[in-house]
Amino acid sequence: MAESPYNTIFFGTPEFAIPIIHALIGIPTLNTVAVVTQPDKPVGRHHSFQSPPVKQLAEKLAIPVLQPEKISTPEFVMTIAGLHPAVVVVAAYGKIIPESLLAIPRHGWINIHASLLPKLRGASPIQHAILQGFSETGVTLMKMDATLDTGYIIAQEKVILAPRETFVTLHNKLARLGSKLLKAALVPYLNGKLTAYPQNDKIATYCSAIKKQDGLINWKSPAEQIDRHVRAMTPWPGAFTIGDGQTIKILGTEVLDETHREPSGTLHYFNGKLVASTLSGLLHITSLQVEGRKPMSEKEFLNGFKSKLPLRMTS
RNA sequence: CGCGGGGUAGAGCAGUAGCAGCUCGCCGGGCUCAUAAUCCGGAGGUCGUGGGUGCAAAUCCCACCCCCGCAA
């Protein structure tokens, strides 16, 4: 049957949504009529305004962009209804969609979530997959309902975590995988060739949004856990600590199979390496950044800061 | 005018008015004691840019450029 293209609207804001948009516009049976993203906000060092990544891309592709402050207003609901979407695709928009909007498209709202639901429902699935030491995670294409990340599952794809997986590497993998999954499963679902199935709520786990303060390193935890913390929190909010009155960002670490008597939270020089003592095990610091300075390798740091060691770091 | 730190040798830093220094790297040589090698010697700097004050400015004053932390 020769169908007219599905009118589609996309909701999303950050970097993660970029490959998704590319996938979306690459599907010939879809007609992407608008992109909805968060409003521009004063950002950067001098409070200049910057557009979210999604807006910048949409403008390049000449797709109309909507940036409502509130999406639950009658005006915005009217606007969306006026575009007659058959389906709405969401990737990391970050807000719960009210039912007045959910009811509009004939085929509902489809979300791409960066975990194997029902595991890690919520706002920071990528970080928590690393923090909690998962051996695998993935992306889920799901039907949205009135509560967060609880809808029927359309398709899933797994990925094995690399041993040194960081937020950035995993984020990129999952974004790519998500766009592939969308390309492969969305149209079959719309055509009724894929049937969505419910999540098992009994095994659901949750993760809340990462806040700035979550980046603070607790030196009274095992070296392995701090290492995962660094990999999950970099680049935002960054794994940081305070030493000598300055914020120090820990950028790269490695767990050493050695111990040392220094109290946990001490930065010192040991066997030719810059190391931090933890609750159990030594953490090799391979790169770091002192407040007001550029990121430095361990070697560069030692050249100039060796005289300050050993240094107590507070958590 | 959001708050703050910084720009000094290839890299990382010290130096608040009086001959520009330290660690690493680099080049040359010694030694063979390996594994952070080590010892001796050496090269390498318009101290971000422009102006001002001073007998004298990396250092004090003014303007500008660039980098970074916070905040959002």
Checking N1-N3 plus N6-O4 or O6-N4 for Watson-Crick, or N1-O2 and O6-N3 for wobble, each under 3.5 Å, the partner of rC22(B) is rG12(B)
From NZ of Lys212(A) across to P of rA71(B) the rounded distance in Å is 5 Å
Interatomic distance at C1', rU32(B) relative to rA37(B), whole Å
10 Å
Glycosidic torsion of rG48(B) (syn if within 90° of 0, anti otherwise) classifies it as anti
ask   = How far does the P atom of rC55(B) sit from the matching atom of rG42(B), given to the nearest Å?
value = 38 Å
**Message:** Need one value for Phe270(A): base, sugar-phosphate or nothing, where a base atom within 4.0 Å counts as base even if backbone is also close, heavy atoms only.
**Reply:** nothing
- request: Answer yes or no for Lys212(A) and Phe240(A): cation-pi contact, defined as NZ/CZ to six-membered ring centre under 6.0 Å and angle to ring axis within 45°.
  value: yes
Whichever of Lys308(A) and Trp236(A) has the more 5' nearest nucleotide on RNA chain B, that residue is Lys308(A)
pair_partner(rU38(B)), Watson-Crick or wobble, both distances < 3.5 Å, evaluates to rG30(B)
Phe49(A) CZ to rC1(B) P, in whole Å, measures 15 Å
> Using 4.0 Å as the upper bound for N to carboxylate O, is an ion pair formed by Asp149(A) and Lys119(A)?
Replying inline: no
What interatomic distance, in whole Å, is found between P of rG41(B) and the corresponding atom of rG7(B)?
31 Å
For Ser280(A) and Pro222(A) the tightest heavy-atom approach is OG-CB, 3.5 Å
Regarding the side chain of Lys299(A), the nearest nucleotide among rG69(B), rG25(B), rA36(B) is rG25(B)
- request: Take Met296(A) and Phe305(A), measure what side-chain contact (heavy atoms from CB on, under 4.5 Å) needs, and give me the verdict at the end.
  value: CA-CA 11 Å; Met296(A) 270 180 253; Phe305(A) 287 86; 3.7 Å; yes
query: Taking the same atom, P, in rA9(B) and in rG15(B), what whole-Å distance lies between them?
result: 15 Å
Within less than 4.0 Å of OP1 or OP2 of rG69(B), is there a side-chain N or O belonging to Arg45(A)? yes
Among rG12(B), rG69(B), rA72(B), the one nearest any side-chain atom of Thr247(A) is rG69(B)
Separation of rA36(B) atom C1' from Glu298(A) atom CD, nearest Å, is 11 Å
pair_partner(rC70(B)), Watson-Crick or wobble, both distances < 3.5 Å, evaluates to rG2(B)
When rounded to whole Å, the CG to C1' distance for the pair Leu302(A) and rC13(B) reads 12 Å
Whole-Å distance, Lys306(A) NZ to rG25(B) C1', equals 14 Å
Grouping ILVMFWY residues whenever side-chain heavy atoms fall under 4.5 Å, the cluster of Val90(A) otherwise contains Ile9(A), Phe11(A), Val33(A), Val36(A), Leu66(A), Ile71(A), Phe76(A), Val77(A), Ile80(A), Leu83(A), Val88(A), Tyr93(A), Ile97(A), Leu101(A), Leu102(A), Ile104(A), Trp109(A), Met144(A)
rC61(B) and rG4(B), which share atom name P, separated by this distance in whole Å
16 Å
From CG of Leu288(A) across to P of rC68(B) the rounded distance in Å is 16 Å
Pairing partner of rA57(B), by Watson-Crick or G-U wobble and under 3.5 Å for both distances, is none
Across all chains, not counting sequence neighbours, the side-chain hydrogen bond (donor to acceptor under 3.5 Å, both in side chains) partners of Thr169(A) are Glu165(A), Thr166(A)
Write out a two-atom table: protein N or O, nucleotide N or O from nucleotides 5-10 of chain B, distance below 3.5 Å.
unit_1: rG5(B); atom_1: N2; unit_2: Gly292(A); atom_2: O; d: 2.8

Taking a pair to mean Watson-Crick or G-U wobble geometry with both distances below 3.5 Å, rG44(B) pairs with none
Ile242(A) atom CD1 is separated from rG4(B) atom P, nearest whole Å, by 18 Å
Please classify the nucleic acid contact of Lys294(A) as base, sugar-phosphate, or nothing, using heavy-atom distances under 4.0 Å.
sugar-phosphate
What contact category does Lys273(A) fall into here, base, sugar-phosphate, or nothing, at under 4.0 angstrom with non-hydrogen atoms? nothing
Next item on the list: Using the C1' atom on both, measure rA11(B) against rC67(B) and round to a whole Å.
Entry: 16 Å
Surrounding OH of Tyr206(A) (heavy atoms of other residues, nucleotides or ligands, distance under 6.0 Å), is the total greater than 12? yes
**Prompt:** With centres under 5.5 Å and planes under 30° as the test, does His47(A) stack with rA72(B)?
**Reply:** no
Nearest-nucleotide check on RNA chain B, Gly304(A) vs His46(A); residue mapping nearer the 5' end is His46(A)
Checklist line | Test item: side-chain donor near acceptor, Arg121(A) and Gln199(A), under 3.5 Å | finding: yes
Checklist entry - In whole Å, what separates the C1' atom of rG69(B) from that of rC26(B)? => result 33 Å
I'd like the C1' distance from rG44(B) over to rA56(B), given in whole Å. 27 Å
Between Gln289(A) and Pro295(A) the two heavy atoms that sit nearest each other are NE2-CD, 3.5 Å
In whole angstroms, the gap separating C1' of rC68(B) from CD1 of Ile248(A) amounts to 15 Å
Taking the six-membered ring of Tyr269(A), is the NZ or CZ of Lys306(A) close enough (under 6.0 Å from the centre) and on axis enough (within 45°)? yes
